[in-house]
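This one's a predicted model, so the numbers in the text were calculated from it and none came from an experiment. Per chain, numbering begins at 1; letters A, B, ... match sequence-line order.
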Number of protein chains: 2
Amino acid sequence: MTPEETYMRLAIRLAQKSVDENLGGPFGCVIVKDGRIVGEGFNQVTTTNDPTAHAEVVAIRNACQNLESFQLEGCSVYTSCEPCPMCLGAIYWARPSEIYMAATRDDAAAAGFDDEMFYSEFFRPNEQRHLKLKSILRSESQKVFKSWVAKPDKIEY
Amino acid sequence: MTPEETYMRLAIRLAQKSVDENLGGPFGCVIVKDGRIVGEGFNQVTTTNDPTAHAEVVAIRNACQNLESFQLEGCSVYTSCEPCPMCLGAIYWARPSEIYMAATRDDAAAAGFDDEMFYSEFFRPNEQRHLKLKSILRSESQKVFKSWVAKPDKIEY
């Protein structure tokens, strides 16, 4: 068994635990740095009333707390399923070095998870989306960006 | 001032507070249901070491805790800037009724926030992405989905 398979089996085991113990959806994630597990998570949407508590988001938060950093440089993400757009975005923001996945988004769709609908919404221009973004007060918000750009002591991320 | 403008001004005020008090990036969000504010948030990435703590995600978590639900049916989201892919995904999972935005993703990019890079990664096939998804152990993970589908007492979301 390769180290990659060992970590992925752990992620899959977390997914199975979530199903068996009625903790949430069938998804697990493990984050590894320098051969050490620094974060893990399984889906907890329904048990914590948090629609963002997907396995990857939970694992990223866990790893960041453990590493006391808002970045996961040099880390590898092992997720039991191809990330949904929210989780893929969360992974990009965390900036790990690599991502391994097991099941695909098609497998997830076959099990009733509508990531595919989300992906297709993302690819459409706003005016063709089911849930459209309505624009108001743009110039007032732009002023906040101006004060951010001008701020000398900001912490960028 | 329309009610929509009132709520958006609140979201923008939260964004400005985040900048002024050095709490995180220049983003704020307010969630409203039946004319009542049920959740709010501002960016807290750097102060809480949580790369997922964007204004929208924080506000969604806050609203869901207040409403004791993992869904935001009938809610309106007011965000001071067009959501990044992570936040747009989080909004889709929370299933509110409408979204208002003020600044655009181009405004965010001009202020140094690389959502645009993320969006372009999303639109590329995996093999052309900067951060590629590497696939292993698919069939082992598919077994977890099978047990989910067969589970009679699952809570779907």
Side-chain angles (χ1 to χ4, degrees), chain A residues 4-5 8 12 15-16 19 22 25-26 45-46 49-52 57 60-61 64-65 68-70 80-82 84-86 88-90 92-94 98-104 107 111-112 118 121-123 131 133-138 140-142 144-145 147-149 151 153 155-157, chain B residues 4-5 8 12 15-16 19 22 25-26 45-46 49-52 57 60-61 64-65 68-70 80-82 84-86 88-90 92-94 98-104 107 111-112 118 121-123 131 133-138 140-142 144-145 147-149 151 153 155-157:
Chain A
E4 290 78 11
E5 287 172 340
M8 186 59 90
I12 294 171
Q16 188 66 56
V19 178
N22 251 334
V45 168
T46 53
N49 280 334
D50 180 355
T52 74
V57 168
I60 287 169
R61 281 185 207 147
C64 287
Q65 293 311 306
E68 297 179 357
S69 168
F70 54 84
S80 69
C81 184
E82 184 173 350
C84 79
M86 174 181 73
L88 191 59
Y92 278 118
W93 282 114
E98 51 180 6
I99 321 176
Y100 291 88
M101 59 170 249
T104 67
D107 297 332
F118 295 4
E121 279 273 293
F122 272 60
F123 281 69
L131 190 59
L133 295 162
K134 303 174 189 177
S135 190
I136 55 172
L137 301 184
R138 179 180 175 190
E140 289 187 31
S141 190
Q142 284 174 322
V144 185
F145 284 139
S147 66
W148 169 262
V149 170
K151 189 178 173 66
D153 59 343
I155 303 170
E156 294 183 269
Y157 58 91
Chain B
E4 290 78 13
E5 287 172 340
M8 185 59 90
I12 294 170
Q16 189 65 57
V19 177
N22 250 334
V45 168
T46 52
N49 280 333
D50 181 356
T52 74
V57 169
I60 288 170
R61 282 184 206 147
C64 286
Q65 293 311 306
E68 297 179 356
S69 168
F70 54 85
S80 69
C81 182
E82 185 173 351
C84 80
M86 174 181 74
L88 190 58
Y92 277 117
W93 282 113
E98 51 180 6
I99 320 174
Y100 291 88
M101 58 171 251
T104 68
D107 297 332
F118 294 4
E121 279 274 293
F122 271 60
F123 280 68
L131 189 60
L133 294 162
K134 302 175 190 177
S135 191
I136 56 172
L137 301 184
R138 179 180 176 193
E140 290 188 32
S141 190
Q142 285 175 322
V144 185
F145 284 139
S147 67
W148 170 263
V149 170
K151 190 178 173 65
D153 60 340
I155 302 169
E156 295 184 88
Y157 58 91

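The two residues Ala103(A) and Phe145(B) make their nearest non-hydrogen contact at CB-CE1, 3.4 Å. Across all non-hydrogen atoms, the minimal contact from Asn22(B) to Lys151(A) is OD1-CE, 3.0 Å. Taking all atoms of both residues into account, the shortest heavy-atom contact from Ser147(B) to Val19(A) is OG-CG1, 3.9 Å. Shown here for Gly25(B) and Trp148(A), the closest heavy-atom pair between the two residues is CA-CZ3, 3.8 Å. When every heavy atom of Asp50(B) is checked against every heavy atom of Phe70(A), the shortest pair comes out as N-CB, 4.2 Å.
Annotation: maximal heavy-atom pairing with chain B below 4.5 Å, among Ala111(A), Gly112(A), Cys81(A), occurs at Ala111(A). Chosen from Arg61(B), Glu82(B), Glu5(B), Glu98(B), the residue pairing most often with chain A at heavy-atom distances under 4.5 Å is Arg61(B). Comparing Thr52(B), Val57(B), Ile99(B) by how many heavy-atom pairs each has under 4.5 Å with chain A, the most go to Ile99(B). Options Glu4(A), Glu156(A), Met8(A) differ in how many heavy-atom pairs under 4.5 Å they form with chain B, and the most are formed by Met8(A). Counting heavy-atom pairs closer than 4.5 Å to chain B, the top residue among Leu133(A), Ile12(A), Ile155(A), Ile136(A) is Ile136(A). Top candidate by heavy-atom pairs under 4.5 Å with chain B, chosen from Ala15(A), Ser69(A), Cys84(A), is Ser69(A). Ranked by heavy-atom pairs under 4.5 Å with chain A, the first of Met101(B), Gln65(B), Glu121(B) is Met101(B). Interface remark: of the candidates Thr104(A), Leu131(A), Val149(A), Leu131(A) forms the most heavy-atom pairs closer than 4.5 Å to chain B.
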- request: Report the C-alpha distance between Gln142(A) and Asp107(B) in whole Å, list the side-chain angles of each, state the deciding distance to 0.1 Å, and finish with yes or no for side-chain hydrogen bond (donor to acceptor under 3.5 Å, both in side chains).
  value: CA-CA 7 Å; Gln142(A) 284 174 322; Asp107(B) 297 332; 3.0 Å; yes

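With a 4.5 Å cut-off on side-chain heavy atoms, Val144(A) and Ser80(B) do not count as touching.
Using cut-offs of 30° and 60° on the angle between ring planes, the pair Phe122(B) and Phe122(A) is parallel.
Rounding to the nearest 0.5 Å gives a distance of 9.5 Å between CG of Leu88(A) and CZ of Phe118(B).
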